[in-house]
Number of protein chains: 2
Amino acid sequence: MTQQKTRALNLRIPGPTPVPPDILAAVGRPMINHRGKEFAGIVERISERLKDFFLTSQDVMVLSCSGTGGLEAAVVNTLSPGDKVLAVSIGAFGERFATIAEKYGADITMLPYEWGQPARADDVRHALKVDPQITAVLVTHNETSTGVTNALAQIAEVVREFDKLLLVDAVSSLGAIPLEMDAWGLDCVVTGSQKGWMVPPGLAFAALSERGWQAYETSKMPRFYFDLGKHRDAQAKGQTPFTPAMSIFFGLDVALERMAEEGLESIFARHKRIGALTRDGVKRLGLELLCTDERFASDTVTAVKCPEGIEVSAVRNAMEDNYNIILAGGQGKLSGKIFRIGHLGLCEEDDITQTLEALGETLAKLGFKR
Amino acid sequence: MTQQKTRALNLRIPGPTPVPPDILAAVGRPMINHRGKEFAGIVERISERLKDFFLTSQDVMVLSCSGTGGLEAAVVNTLSPGDKVLAVSIGAFGERFATIAEKYGADITMLPYEWGQPARADDVRHALKVDPQITAVLVTHNETSTGVTNALAQIAEVVREFDKLLLVDAVSSLGAIPLEMDAWGLDCVVTGSQKGWMVPPGLAFAALSERGWQAYETSKMPRFYFDLGKHRDAQAKGQTPFTPAMSIFFGLDVALERMAEEGLESIFARHKRIGALTRDGVKRLGLELLCTDERFASDTVTAVKCPEGIEVSAVRNAMEDNYNIILAGGQGKLSGKIFRIGHLGLCEEDDITQTLEALGETLAKLGFKR
């Protein structure tokens with residue numbers, strides 16, 4: 001208990017991620033006119049800078065909502081009710097993406113994988129061959145619920161072969177691990193502020209390719225708040241179509257400056273290094289990763305199988321009570337079976353070694369024998 | 001110019017409203033686990049306290065979006081495509097509410113008024129009599145674009161007579177001027193954090209009556225992010241269905257405490273006093289209100305006709321440059337014709353007397369002769 005009081009919070013969930021003090025100070029700034037010059041400058045700077053992280057020449061729109069709202073924007077701006085859509089799902093967020101499209105009337109063909117496994121580009125090719133009426137493919141880049149990163153570049157190559165629309169959930173990947181929107185030919189890419197960006201939740205960022213904007217013109221799903229055309233047109237004037245979550249914009253402005261200073265390649269290298277450090281440490285403790293093929297293990301979140309006879313809640317509670325370290329549990333059918341360690345955004349080696357050390361001690365106390 | 005540097009910003013737009021330092025400090029708090037006990041306590045406290053302001057025994061859901069997102073939630077959770085809907089509109093936001101319903105396939109009958117005029121309950125009665133197939137009525141309580149407050153209690157009485165669904169945009173009224181959800185029989189009430197609540201933008205609050213929840217069960221408009229049932233179920237467990245804009249929740253928690261201390265009746269009395277002070281001062285300067293019948297003049301925002309021969313932009317720029325006072329311009333067809341003074345949320349007599357004094361000096365310099 002003394003330990004907890006002296007240790008700073010080590011928030012090791014895969015979002016919201018820790019926010020550095022300078023960004024928090026910006027988040028707590030007083031309000032200004034959201035239609036004035038100063039805020040227009042912020043909107044312009046943010047939307048320009050985000051292109052460097054999406055690696056796109058297209059506009060990146062900033063929506064005031066969570067990542068899920070961003071996924072809904074991807075769907076309703078490009079599809080029409082009745083459209084045949086292939087939903088590649090490797091976990092809870094893959095299912096959610098499919099559910100959103102289904103709720104809006106898309107005709108979904110699921111391509112599901114066992115949770116913990118990545119999607120295979122060949123399966124996507126097969127599915128598109130079997131049903132030429134499919135017009136769009138939904139895919140999760142990095143599945144937060146399982147700690148698996150799909151081979152997005154390869155999947156995109158297949159989707160381009162068939163000339164279908166490719167909508168990508170990059171919520172827990174973008175800004176942390178490599179994704180090249182234009183080079184890979186992705187048609188819609190969505191991410192969220194509380195992940196790699198070191199900013200509190202409240203904003204989603206979305207971009208459409210030229211093909212994506214063509215789909216927007218003919219798409220018939222209803223939309224208003226999430227209408228990306230409205231957002232694009234307002235942003236061109238340094239505005240947002242509706243009152244934005246200004247505090248998070250203030251924070252993002254500082255965060256993007258900080259990320260530009262670190263540099264994209266350094267950010268990727270840091271996540272790669274820390275991802276490997278986490279997985280190696282977990283295995284050294286005698287634990288198993290949910291993702292068995294490490295070529296697809298995520299560098300932003302690691303899902304660990306909870307050892308037989310030990311409760312996930314016991315591990316998480318002890319880690320919180322004794323070390324002030326917060327781990328995530330499992331989602332959906334993995335609830336009670338895994339715990340997850342987030343290592344995206346603001347994360348250094350020390351955060352992980354501290355976590356692994358505490359985890360080893362905790363498991364020993366709970367009676368885990370390797 | 002010296003004046004601007006020494007004067008604190010006086011943000012007199014009708015939202016975002018100024019945020020007090022203690023609330024800003026909360027907004028800038030470090031991140032915690034959004035699925036942990038502490039955040040659950042905040043969600044529970046907020047959703048319980050909001051009932052006292054809505055004057056309802058129903059659940060109040062907190063959505064991470066702007067007020068417009070809240071209006072979309074009102075529509076998609078209660079209506080079905082093809083539903084006949086009467087849209088009472090007295091300004092830009094009345095039109096927006098109708099447009100949202102139309103985009104989702106409602107069959108809209110407009111009941112429009114000249115901008116600056118309130119709606120008449122008798123017209124609503126007539127419209128409902130003429131077309132018995134109308135199933136729902138949309139109405140703006142306080143029209144931010146014109147500074148007019150509708151006689152919502154009377155309009156609600158008529159809608160109850162005909163047993164139709166009544167959806168209310170209370171974005172710039174709730175928490176500042178009287179609104180009694182249960183007593184008046186309102187079926188959906190929506191408001192936004194950056195108005196009367198002294199909190200930055202980023203959250204909308206929405207509640208459904210029992211009749212509203214019945215409509216929810218049969219409503220066929222597509223929804224996912226704005227699904228109020230998902231929000232209700234998550235909130236019952238101290239959660240939100242999707243990652244919430246936590247910083248704004250932190251601020252709201254402090255704001256509601258502060259508002260509870262001031263007390264609802266005192267808050268209403270303050271807004272009434274300051275509304276009258278603003279209008280009297282504006283008229284004393286020889287200016288005309290857009291709202292000619294003062295029984296309907298808004299106690300949260302005052303729209304002022306810009307005198308002949310003087311540019312709205314000249315007035316606003318001079319007020320900002322010389323006094324650090326920010327006024328709003330006109331929206332839509334009132335652009336260039338009016339300016340607006342916001343006086344909701346954090347607003348005391350001094351803020352208004354300072355504004356009126358500066359406005360008098362500014363107009364004199366711009367050559368205004370009364």
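Naming: A, B, ... by sequence-line order, numbering from 1 per chain.
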ask   = Less than 4.5 Å apart, any side-chain heavy atom of B:Leu9 and any of A:Pro30?
value = no

key: For chain B, the option from A:Val19, A:Ile32, A:Leu71, A:Ile23 that forms the most heavy-atom pairs under 4.5 Å   = A:Ile32

remark   = When rounded to the nearest 0.5 Å, the distance separating CG of A:Leu11 from CE of B:Met31 is 9.0 Å

note = If you tally heavy-atom pairs under 4.5 Å between each of A:Val27, A:Leu63, A:Thr68 and chain B, the highest tally belongs to A:Thr68

inquiry  = Just so I understand: if I count every heavy-atom pair under 4.5 Å between each of A:Ser66, A:Pro21, A:Ala328, A:Gly15 and chain B, which residue has the most?
reply    = A:Ser66

ask   = What part of A:Ser193 gets closer than 4.5 Å to chain B, counting heavy atoms only: side chain, backbone, both or neither?
value = neither

key: Part of A:Arg35 lying under 4.5 Å from any heavy atom of chain B   = neither

query = Contact part of B:Thr17 toward chain A, heavy-atom cut-off under 4.5 Å: side chain, backbone, both or neither?
reply = backbone

inquiry  = Can you confirm whether B:His34 sits close enough to A:Pro201 that some side-chain heavy atom of one is under 4.5 Å from a side-chain heavy atom of the other?
reply    = no

request  = Please determine, among B:Pro244, B:Ala26, B:Gly329, the option with the most heavy-atom pairs under 4.5 Å with chain A.
outcome  = B:Pro244

query = B:Met221, B:Glu72, B:Lys103: which one forms the most heavy-atom pairs within less than 4.5 Å of chain A?
reply = B:Glu72

note = Of the listed A:Ala25, A:Pro18, A:Cys65, the one with the largest count of heavy-atom pairs under 4.5 Å with chain B is A:Cys65

ask   = According to the interplanar angle, ranging from 0 to 90°, do the rings of A:Tyr104 and B:Tyr104 count as parallel (below 30°), tilted (30 to 60°) or perpendicular (above 60°)?
value = tilted

task = Check step by step if side-chain contact (heavy atoms from CB on, under 4.5 Å) holds for A:Asn33 and B:Arg316.
result = CA-CA 12 Å; A:Asn33 183 8; B:Arg316 292 180 63 212; 3.9 Å; yes

ask   = What about the rings of B:Tyr225 and A:Tyr225, do their centers lie closer together than 6.0 Å?
value = no

ask   = Which answer fits A:Pro20, side chain, backbone, both or neither, if we ask what part of it has an atom under 4.5 Å from a heavy atom of chain B?
value = neither

inquiry  = So which residue, A:Val75, A:Val76, A:Thr99, A:Ile100, ends up with the most heavy-atom pairs under 4.5 Å with chain B?
reply    = A:Ile100

key: Side chain / backbone / both / neither for A:Ile248 at chain B, heavy atoms under 4.5 Å   = side chain

message = Do A:Phe242 and B:Arg96 have side chains that approach each other closer than 4.5 Å (heavy atoms only, starting at C-beta)?
response = yes

request  = Would you confirm whether the ring centroid of B:Phe226 sits within less than 6.0 angstrom of the ring centroid of A:Phe226?
outcome  = yes

Heavy-atom closest contact (A:Gly202 atom, B:Ala245 atom, distance) = CA-CB, 3.9 Å

